[in-house]
2 protein chains.
Amino acid sequence: MVTGHGVERSSQLLKGVLDMCLLAVISEQPSYGYEMVRKLSSRGLDLVSDGTIYPVLSRLQRGGLIDSYLEPSTEGPARKYYRVTEAGTSRLAEWTNEWRTMSDGVEAVLEGANDDGHS
Amino acid sequence: MVTGHGVERSSQLLKGVLDMCLLAVISEQPSYGYEMVRKLSSRGLDLVSDGTIYPVLSRLQRGGLIDSYLEPSTEGPARKYYRVTEAGTSRLAEWTNEWRTMSDGVEAVLEGANDDGHS
DNA sequence: TTGACTACCTTGCATAGCGTGTTAGCGTGT
DNA sequence: ACACGCTAACACGCTATGCAAGGTAGTCAA
């Protein structure tokens, strides 16, 4: 598109953070994809489509950071619960550190822009 | 690489934030590409290559958020300084808000993971 | 049986950062 | 003079990743 920013801003901001967030949600308590989407959006992280997270979950599992098991449900098809592995726990800690470092850097840049002199 | 992520984490985290950061840097004080890279990395945002930011600057300029002018230099070729426009200033404010909202959401998710019990 | 809801997964697409390489102005050492 | 190195901007192909849309399938109620 010539005119547009194309995708919404929030989508762009999610990039590179989604996998960490999913890992965090799972780490809090084992969960399944369909539920994670709702959990995230209830915390202000809007995912329009659930299709987005399944590839991420596969990637996390392939990387040995999470682990899955099926659980039958009376409300529909079996739920595929994901549970964090030990590797996942420590990876989450690393990612969290990197995220905070970056986040602080961004804040520093942002504040420099507002607060010219930075007394 | 064990997992085969390929690109470094910090790069991924930068996605969707770089343009905002550049806008913030320019907003603080008119600057040119070569210098911005150093400014950002001095604040903890590591850009490996300067080649990354030029497309972003073009995009920002095309969007009318910044404005450029050439300034001769005794140290090399002319510098292309960028300066923020009014549209850019208000856009930066919007982006900053969206960034903080997202950032808070991520923090909420992250804290939920650390603080397991917390019903 | 149909329809609604739950739930998972696949595929094609667009965005955007990475790495590398190119062009070019300027100063210095030989 | 000329090669070299630094400053500076920019183009190009690659890849990662999120989005949208669609498909499969199980359960329950009308």
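Hydrogens, waters and symmetry mates are skipped; everything else that's a heavy atom, side chains included, is used. Letters go in sequence order (proteins before strands), and every chain restarts at 1. These numbers were taken from a predicted model, which means no experiment stands behind them.
With a 4.5 Å cut-off on side-chain heavy atoms, B/Glu35 and B/Gln29 do not count as touching. The side-chain heavy atoms of A/Leu57 and A/Ile26, taken from C-beta on, include a pair separated by under 4.5 Å.
Here the nucleotide nearest the side chain of B/Arg79, chosen from D/dG18, C/dA7, D/dA9, is D/dA9.
Taking atom CE of residue A/Met36 and atom C1' of nucleotide C/dC9, one finds them 14 Å apart after rounding to whole Å. The CG atom of A/Asp19 sits 9 Å away from the C1' atom of D/dT17 (whole-angstrom rounding). For the pair A/Asp46 CG and D/dG18 P, the computed distance is 15 Å after rounding to whole Å. Following rounding to the nearest Å, A/Ile53 (CD1) and D/dA16 (P) show an atom-to-atom distance of 21 Å. Distance, B/Met102 CE to D/dG18 P: 12 Å, rounded to whole Å. The nearest whole Å value for the distance from the NZ atom in B/Lys80 to the C1' atom in D/dC10 is 9 Å. The separation between A/Leu40 atom CG and D/dC19 atom P is 11 Å, rounded to whole Å. Nucleotide C/dA16 holds its P atom 16 Å from the CG atom of A/Leu18, rounded to whole Å.
A close approach under 4.0 Å does not occur between any side-chain nitrogen or oxygen of A/Arg59 and OP1 or OP2 of C/dC9. For the OP1/OP2 pair of D/dA8 and a distance below 4.0 Å, the side-chain nitrogens and oxygens of B/Tyr32 include at least one atom meeting the criterion.
The minimum heavy-atom distance linking B/Tyr54 with B/Tyr34 is given by the pair OH-N, 3.6 Å. When all heavy atoms are compared, the tightest approach of B/Gly33 to B/Ile53 is O-CD1, 3.3 Å.
The distance from atom CZ of B/Arg59 to atom CG of B/Leu65, rounded to the nearest 0.5 Å, is 11.0 Å. Between A/Leu45 atom CG and B/Thr101 atom OG1 the span is 10.0 Å, to the nearest 0.5 Å.
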Counting primed atoms, P, OP1 and OP2 as sugar-phosphate and everything else as base, the B/S/- map of nucleotides 20-30 of chain D against protein heavy atoms under 4.0 Å is BB---BBSS--
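Checking C/dA24 for Watson-Crick or G-U wobble geometry (two distances, each under 3.5 Å) identifies D/dT7 as its partner. Here C/dT10 sits opposite D/dA21 as a Watson-Crick or G-U wobble pair (both hydrogen-bonding atom distances under 3.5 Å).
Mapping B/Pro55 and B/Tyr34 onto DNA chain D via the closest heavy atom, the residue that lands nearer the 5' end is B/Tyr34.
Note on A/Tyr82: only backbone sugar-phosphate atoms sit closer than 4.0 angstrom, heavy atoms only; bases stay farther off.
Note: A/Tyr81 and A/Tyr32 have perpendicular aromatic rings, judged against thresholds of 30 and 60 degrees for the angle between ring planes.
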